[in-house]
Amino acid sequence: MSRPTVSLCMIVRDEERLIETCLRSVQGWIDEMIVVDTGSLDNTVQIARSMGASVLTYEWNNHFADARNYGLEHAKSDWILYLDADEELSPLGDFDLHRVLQETQGFRFIPPFSQLYWRNAK
């Protein structure tokens, strides 16, 4: 079995104060960062791109599920981690996320990740 991959997917708008901390907290844990921007007027998009995120523009239609699904359509990984810009991962020490994911069969809750989902869709 190959090493499982993880994409971060986020929906944001005008989160320049928070997004850098959030993205920095996942570096080293995820393989891809997808940021769906719904119309930021601040520097959110520039900051996300400078952190290595793929930024997608989505016209806000008052439906979070639509924006989330738009980002999901572009994610390429086996697992999806959803975070809001005001969330961040705490340092996990020697926890080996990819090893745990490799040992996990199907959808399961994996502490400390409450928003990590397996997509059986490759």
Side-chain angles (χ1 to χ4, degrees):
M1 183 176 186
S2 63
R3 176 185 176 273
T5 55
V6 182
S7 292
L8 170 69
C9 288
M10 302 177 68
I11 303 167
V12 300
R13 182 175 180 164
D14 295 329
E15 297 287 1
E16 70 180 0
R17 291 183 313 107
L18 302 168
I19 195 162
E20 184 174 354
T21 301
C22 177
L23 295 178
R24 195 172 306 284
S25 78
V26 300
Q27 288 179 336
W29 295 100
I30 52 97
D31 303 286
E32 172 184 50
M33 294 183 287
I34 304 289
V35 173
V36 177
D37 184 78
T38 61
S40 292
L41 299 175
D42 63 5
N43 291 314
T44 299
V45 169
Q46 295 84 344
I47 294 167
R49 285 189 177 132
S50 75
M51 299 290 299
S54 297
V55 178
L56 308 172
T57 302
Y58 185 81
E59 186 174 334
W60 181 241
N61 64 359
N62 292 318
H63 296 284
F64 283 99
D66 292 347
R68 182 169 282 190
N69 289 338
Y70 183 70
L72 184 58
E73 289 171 11
H74 290 83
K76 298 177 182 85
S77 295
D78 305 308
W79 290 81
I80 305 297
L81 174 64
Y82 290 110
L83 291 178
D84 292 331
D86 64 347
E87 297 177 307
E88 59 187 274
L89 292 184
S90 298
L92 299 172
D94 62 356
F95 180 80
D96 188 342
L97 173 63
H98 291 93
R99 181 188 56 77
V100 171
L101 295 179
Q102 194 163 17
E103 294 170 357
T104 300
Q105 300 288 321
F107 176 81
R108 291 194 183 151
F109 173 73
I110 302 174
F113 302 98
S114 62
Q115 297 184 41
L116 183 65
Y117 303 95
W118 182 54
R119 353 168 333 141
N120 191 12
K122 268 197 160 182

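In this text, all values refer to a predicted model and were calculated from it rather than measured experimentally.
- Atom CG of Asp78 and atom CG of Asp31 lie 8.5 Å apart (nearest 0.5 Å).
- No side-chain donor-acceptor contact under 3.5 Å links Glu15 to the backbone of Val12.
- Here the side chain of Thr38 pairs no donor or acceptor atom with the backbone of Glu59 at under 3.5 angstrom.
- Interatomic distance, Cys9 SG to Ile80 CD1, rounded to the nearest 0.5 Å: 4.5 Å.
- Of all heavy-atom pairs between Tyr70 and Val36, the closest is CD2-CG1, 4.2 Å.
- Leu72 and Leu56 are not part of a single hydrophobic cluster, where members link through side-chain heavy atoms under 4.5 Å apart.
- A salt bridge does not link Asp86 to Arg17: none of the charged nitrogens lies less than 4.0 Å from a carboxylate oxygen.
- The distance from the OG atom of Ser54 to the NE2 atom of His74 is 9.5 Å, given to the nearest 0.5 Å.
- The side-chain heavy atoms of Arg68 and Tyr82, taken from C-beta on, include a pair separated by under 4.5 Å.
- Rounded to the nearest 0.5 Å, atoms CD (Glu20) and CE (Met51) are 5.0 Å apart.
- Without hydrogens or angle criteria, Glu32 side chain to Ala75 main chain gives no donor-acceptor distance under 3.5 Å.
- By the 4.5 Å heavy-atom criterion applied to side chains, Leu23 and Met33 are counted as neighbours.
- Between Val35 and Ile19 there is a side-chain heavy-atom pair separated by less than 4.5 Å.
- The shortest distance between side-chain heavy atoms of Leu83 and Val26 falls below 4.5 Å.
- No donor-acceptor pair under 3.5 Å is formed between the side chain of Glu16 and the backbone N or O of Thr44.
- Evaluation of the side-chain contact (heavy atoms from CB on, under 4.5 Å) rule for Val45 yields Asp37, Arg49, Val55 as partners, not counting sequence neighbours.
- To the nearest 0.5 Å, atoms CD1 (Ile30) and OG (Ser77) are separated by 8.0 Å.
- A 4.5 Å side-chain heavy-atom check between Leu41 and Asp14 finds at least one atom pair inside the cut-off.
- Side-chain contact, Ser25 with Glu88: no donor N or O sits under 3.5 Å from an acceptor N or O.
- The two residues Met10 and Cys22 come nearest to each other via the heavy atoms CE-SG, 3.7 Å.
- Looking at Leu89 and Leu81, their side chains come closer than 4.5 Å, going by heavy atoms from C-beta outward.
- Side-chain contact between Tyr58 and Asp66 is present, with at least one heavy-atom pair separated by less than 4.5 Å.
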